[in-house]
Student: 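This is the structure I want to talk about, given as structure tokens.
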Amino acid sequence: MRMRSGGVPASDWVRGAAALLAGALPALAFPAPSLWWLGYVALVPWLLLIRSAGTTRRAALDGWIGGIGFVVAVHHWLVPSLHVFIVLLAALVGLLWAPWGVLVHRLLGGAPSALRAAAAVVAVPSGWLVIELVRSWEGLGGPWGLLGASQWEVAPALRVASVGGVWLVSLLVVAVNTALVLLTTARTPARTTGGVLLVVCALAVGGVWAWAPQPVTTGTARIAVVQPGVVAGPGSVERRLARGEELTRTVAGRDVDLVVWGESSIGAGAWRDPGTSRRLSALSRETRADLLVNVDARQTDGSGRSGIFKSAVLVGPDGPTGDRYDKMRLVPFGEYIPARSLLGWATSVGKAAGEDRLRGDRQVVMTLPESDRRLRIGPLVCFESAFPDMSRRLTRDGAQVLVAQSATSTFQESWAPAQHASLGALRAAENGRPVVHATLTGISAVYGPRGERVGEPLGTEESAAAVYDVPLAHGTTLYGRFGDWAVYAALAALAALCAAEGLLALRRRPAPGTPGRSARTAHGSPERPEH
């Protein structure tokens with residue numbers, strides 16, 4: 001066998017490269033490419049590669065390397081900010097796929113029986129979902145790039161999300177990939193299991209489409225989104241504020257209930273100027289609507305803490321109403337540095353936070369005093385729209401509209417703006433409430449309570465204000481009622497598999513005092529040394 005440097009066989013280098021590419025392939029199902037249909041087959045090459053591993057160790061390695069490829073591909077737009085940290089992060093998070101590789105090899109490797117195939121179609125998607133659950137921890141980057149999120153524009157998938165959240169959609173996508181592997185590689189009994197699974201998935205989606213409860217529309221709210229566009233260079237903070245004012249005046253006289261500005265639409269210098277409050281209240285009077293702005297500045301919260309907060313602030317005709325939401329979940333490295341005493345040097349390598357932002361301590365539902373409908377909104381800031389539990393909590397607290405304020409201008413020419421905007425469709429479908437996703441530089445978008453797009457989005461090249469007739473709804477989705485039950489089901493399935501494996505191992509173990517099968521030497525003789 002031909003060897004490469006370090007004594008590693010050339011075939012291992014080729015296999016590693018194949019695993020890296022196979023793991024990266026599902027990224028094409030996400031925006032901006034948005035090849036959503038690819039999600040249902042994109043895992044097949046990776047699964048086939050792991051299945052063919054000669055050893056358990058090799059299967060774990062294939063899982064790890066593929067996980068690195070997946071993380072880098074889905075988050076490649078972070079490279080300008082994280083530099084070398086993207087590789088370190090991918091290597092760390094990619095380890096989560098190593099045990100998944102062992103699971104895939106154990107259940108799909110060789111010639112699986114019908115029973116093993118049945119276990120595979122449950123356990124392989126469940127294992128994937130547990131990976132998504134673990135990496136959804138904020139410290140690992142949050143729930144960005146969950147496989148189910150690739151289906152954000154597919155109406156049947158959004159209906160599935162209303163039942164079990166994005167988690168159930170991920171289960172469905174991985175289950176279809178697993179079934180396709182069984183159909184193409186297994187023998188007849190296991191192949192039949194794969195075919196049955198595909199039929200079951202189709203019937204389940206059809207049943208959800210027909211019978212899952214859906215929100216009932218109860219009128220509309222008129223909400224304006226102000227997107228100033230890219231404003232850079234000296235004095236950019238003041239010029240962005242002026243552009244926001246200019247665009248907001250264009251919606252005067254259009255019976256607007258709320259005007260939404262993007263994240264960090266008001267910088268520290270402008271917020272410290274007493275004149276800013278007067279300018280904003282004048283805008284509220286002129287448009288006869290409340291303004292939801294976003295402040296990135298040093299402030300003091302209700303508990304007396306002082307520091308830099310990212311805050312959604314509601315402004316009426318008399319100035320700030322007192323309603324304020326401080327961002328709770330911060331972007332690692334972008335807004336704070338984990339273990340700064342150890343990793344603080346990151347500020348000299350990439351665009352890491354020079355000072356840690358402070359976290360809010362509670363979610364807030366705001367009631368618009370100027371709205372004839374007494375509209376209740378639930379604000380989210382930046383990548384908080386990626387966390388399903390936060391939107392669910394706001395809905396349960398009475399929010400009629402979920403409002404996400406974002407700024408992805410750092411990643412303007414990448415896939416990030418499209419990926420971020422797409423998350424609004426999932427949050428809307430999960431909760432049966434409309435979502436307004438407002439950004440500084442695009443993509444700004446609005447979604448109805450079923451996840452359907454409302455009006456036209458504002459792209460990254462636009463500097464504009466747009467008014468949307470946002471459909472309101474009441475009622476509770478199954479996800480809103482039961483929450484992350486799909487995750488608990490996946491954990492239970494894996495626990496049951498582990499218990500079954502343990503029982504089988506006990507049955508195979510000979511009882512104490514019972515002679516086992518006689519071992520043989522290399523020459524095939526009974527366990528007696530050769531003389």
Student: Test Asp361 against Arg359 for salt bridge (charged side-chain N to carboxylate O under 4.0 Å, His left out), laying out the working first.
Tutor: CA-CA 6 Å; Asp361 55 11; Arg359 303 171 186 272; over 6 Å; no
Student: Would you compute the distance between atom CG of Leu108 and atom OG1 of Thr178 and round it to the nearest 0.5 angstrom?
Tutor: 6.5 Å
Student: Ignoring hydrogens and angles, tell me if any N or O in the side chain of Glu461 forms a donor-acceptor pair with the backbone of Gly442 under 3.5 Å.
Tutor: no
Student: For Arg57, I'd like to know if atom CZ has over 12 heavy atoms of other residues, nucleotides or ligands within 6.0 Å.
Tutor: no
Student: Is the side chain of His420 donor-acceptor paired with the backbone N or O of Ser406 at a distance under 3.5 Å, no angle test?
Tutor: no
Student: Report the C-alpha distance between Val237 and Leu241 in whole Å, list the side-chain angles of each, state the deciding distance to 0.1 Å, and finish with yes or no for side-chain contact (heavy atoms from CB on, under 4.5 Å).
Tutor: CA-CA 6 Å; Val237 174; Leu241 175 59; 5.9 Å; no
Student: What do the steps show when you test Asn431 against Ser391 for side-chain hydrogen bond (donor to acceptor under 3.5 Å, both in side chains), and what is the final call?
Tutor: CA-CA 7 Å; Asn431 298 287; Ser391 296; 4.6 Å; no
Student: Considering all heavy atoms of both residues, which atom of Val72 and which atom of Ala90 are nearest to each other, and what is their separation?
Tutor: CG2-CB, 3.5 Å
Student: Kindly compute the distance separating CG (Leu47) from OG1 (Thr184), expressed to the nearest 0.5 Å.
Tutor: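 It is 9.5 Å, given to the nearest 0.5 Å.
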Student: When the ring planes of Phe30 and Phe70 are compared, do they come out parallel, tilted or perpendicular, using 30° and 60° as the limits?
Tutor: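 Taking Phe70 first and then Phe30, their aromatic rings stand perpendicular (interplane angle over 60°).
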Student: So, Arg427 side chain and Ser385 main chain: donor-acceptor pair closer than 3.5 Å or not?
Tutor: yes
Student: If we only count heavy atoms from C-beta on, is the Val169 to Leu171 side-chain gap below 4.5 Å?
Tutor: no
Student: For the aromatic rings, using the six-membered ring if either is Trp, is the centroid distance between Trp167 and Trp128 under 6.0 Å?
Tutor: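 Between Trp167 and Trp128, the centre distance exceeds or equals 6.0 Å.
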Student: Test the Arg393-Phe387 pair against the cation-pi criterion, namely NZ or CZ under 6.0 angstrom from the six-membered ring centroid and within 45° of the ring axis.
Tutor: no
Student: Minimum heavy-atom separation for Ile443 to Ala421, with atom names?
Tutor: O-CB, 3.7 Å
Student: Okay, side chain of Gln227, backbone of Gly459: is any donor-acceptor separation there less than 3.5 Å?
Tutor: yes
Student: With a 3.5 Å distance limit and no angle check, can you tell me whether Glu263 reaches the backbone of Ala407 through a side-chain donor-acceptor pair?
Tutor: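 Between the backbone of Ala407 and the side chain of Glu263 there is a qualifying donor-acceptor contact (under 3.5 Å).
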Student: Side-chain contact, heavy-atom cut-off 4.5 Å: Val313 with Asp323?
Tutor: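 With C-beta onward as the side chain, the pair stays apart.
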Student: For Arg392, is there any backbone N or O sitting under 3.5 Å from a side-chain donor or acceptor partner on Asp397?
Tutor: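 Judged by distance alone, no pair lies under 3.5 Å.
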Student: Could you check whether any side-chain heavy atom of Trp137 comes within less than 4.5 Å of a side-chain heavy atom of Pro143, counting everything from C-beta outward?
Tutor: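 Trp137 does not reach Pro143 side chain to side chain.
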Student: What pair of heavy atoms forms the shortest contact from Tyr40 to Leu180, and how long is it?
Tutor: O-CD1, 3.4 Å
Student: Just do the side-chain contact (heavy atoms from CB on, under 4.5 Å) check on Thr185 and Arg51 with the steps written out, would you?
Tutor: CA-CA 10 Å; Thr185 63; Arg51 178 182 179 274; 3.5 Å; yes
Student: Mind checking the CG-OG1 spacing from Leu103 to Thr56? Nearest 0.5 Å is all I need.
Tutor: 11.5 Å
Student: Side chains of Val130 and Leu494, heavy atoms from C-beta outward: is any pair under 4.5 Å?
Tutor: yes
Student: Would you check if Glu153 and Ser422 make a side-chain contact, meaning some heavy-atom pair closer than 4.5 Å?
Tutor: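 Side chain of Glu153 against side chain of Ser422, heavy atoms only: no contact under 4.5 Å found.
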Student: Run Ile50 and Trp97 through side-chain contact (heavy atoms from CB on, under 4.5 Å) and show every step you take.
Tutor: CA-CA 11 Å; Ile50 296 173; Trp97 277 272; over 6 Å; no
Student: Kindly say whether Pro228 contributes a backbone atom to a donor-acceptor pair with the side chain of Ser463 at under 3.5 angstrom?
Tutor: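 Flag set: sc Ser463 to bb Pro228 pair under 3.5 Å.
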Student: Does any non-hydrogen side-chain atom of Arg135 lie less than 4.5 Å from one of Leu146?
Tutor: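 Side-chain contact under 4.5 Å: yes.
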Student: Between CG of Leu402 and CD1 of Ile377, what distance do you get to the nearest 0.5 Å?
Tutor: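 One finds 10.0 Å between CG of Leu402 and CD1 of Ile377.
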Student: Measure the acute angle between the ring planes of His76 and Trp415, then classify it against the limits of 30° and 60° as parallel, tilted or perpendicular.
Tutor: perpendicular
Student: Would you say Gln151's side chain and Gly148's backbone share a donor-acceptor pair under 3.5 angstrom?
Tutor: no
Student: Can the ring centres of Trp144 and Trp77 be said to be less than 6.0 Å apart?
Tutor: yes
Student: Give a yes or no on whether the backbone of Arg450 and the side-chain of Glu452 come within a donor-acceptor separation of less than 3.5 Å.
Tutor: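 Yes; judged by distance alone, with no hydrogens or angles, the pair exists.
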Student: Nearest 0.5 Å, what's the NZ-CG distance between Lys310 and Leu358?
Tutor: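 The NZ atom of Lys310 sits 13.0 Å away from the CG atom of Leu358.
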Student: Ignoring hydrogens, what is the shortest heavy-atom contact between Pro31 and Trp152? Give both atom names and the distance.
Tutor: CG-NE1, 3.4 Å
Student: Taking it one step at a time, do Val226 and Val260 satisfy side-chain contact (heavy atoms from CB on, under 4.5 Å)?
Tutor: CA-CA 6 Å; Val226 172; Val260 183; over 6 Å; no
Student: In the structure I gave you, are the side-chain heavy atoms of Leu20 and Ile68 within less than 4.5 Å of one another anywhere?
Tutor: yes
Student: For Asn294 and Val381, which heavy atoms make the closest approach, and how far apart are they?
Tutor: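 Nearest heavy atoms, Asn294 then Val381: ND2-CG2, 3.8 Å.
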Student: Backbone N or O of Ala312 within a donor-acceptor pair of the Gln405 side chain at under 3.5 Å?
Tutor: no
Student: Which heavy atom in Cys382 sits nearest to a heavy atom in Lys327, and how many Å separate them?
Tutor: CB-NZ, 3.3 Å
Student: Heavy-atom distance under 4.5 Å between the side chains of Thr441 and Thr460, does that happen here?
Tutor: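 A side-chain contact is absent here, since even the closest heavy-atom pair is not under 4.5 Å.
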Student: Hey, what do you get for CG (Asp62) to CZ (Arg15), rounding to the nearest 0.5 Å?
Tutor: 4.0 Å
Student: Please set out all donor-acceptor pairs under 3.5 angstrom arising from side-chain atoms of residues 155-162, sequence neighbours excluded.
Tutor:
{"unit_1": "Arg159", "atom_1": "NH1", "unit_2": "Trp209", "atom_2": "O", "d": "2.5"}
{"unit_1": "Ser162", "atom_1": "OG", "unit_2": "Arg159", "atom_2": "O", "d": "2.5"}
{"unit_1": "Ser162", "atom_1": "OG", "unit_2": "Gln214", "atom_2": "NE2", "d": "3.4"}

Student: Could you list all the side-chain hydrogen bond (donor to acceptor under 3.5 Å, both in side chains) pairs where at least one residue sits in residues 17-37, not counting sequence neighbours?
Tutor: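 Matches after skipping sequence neighbours: none remain.
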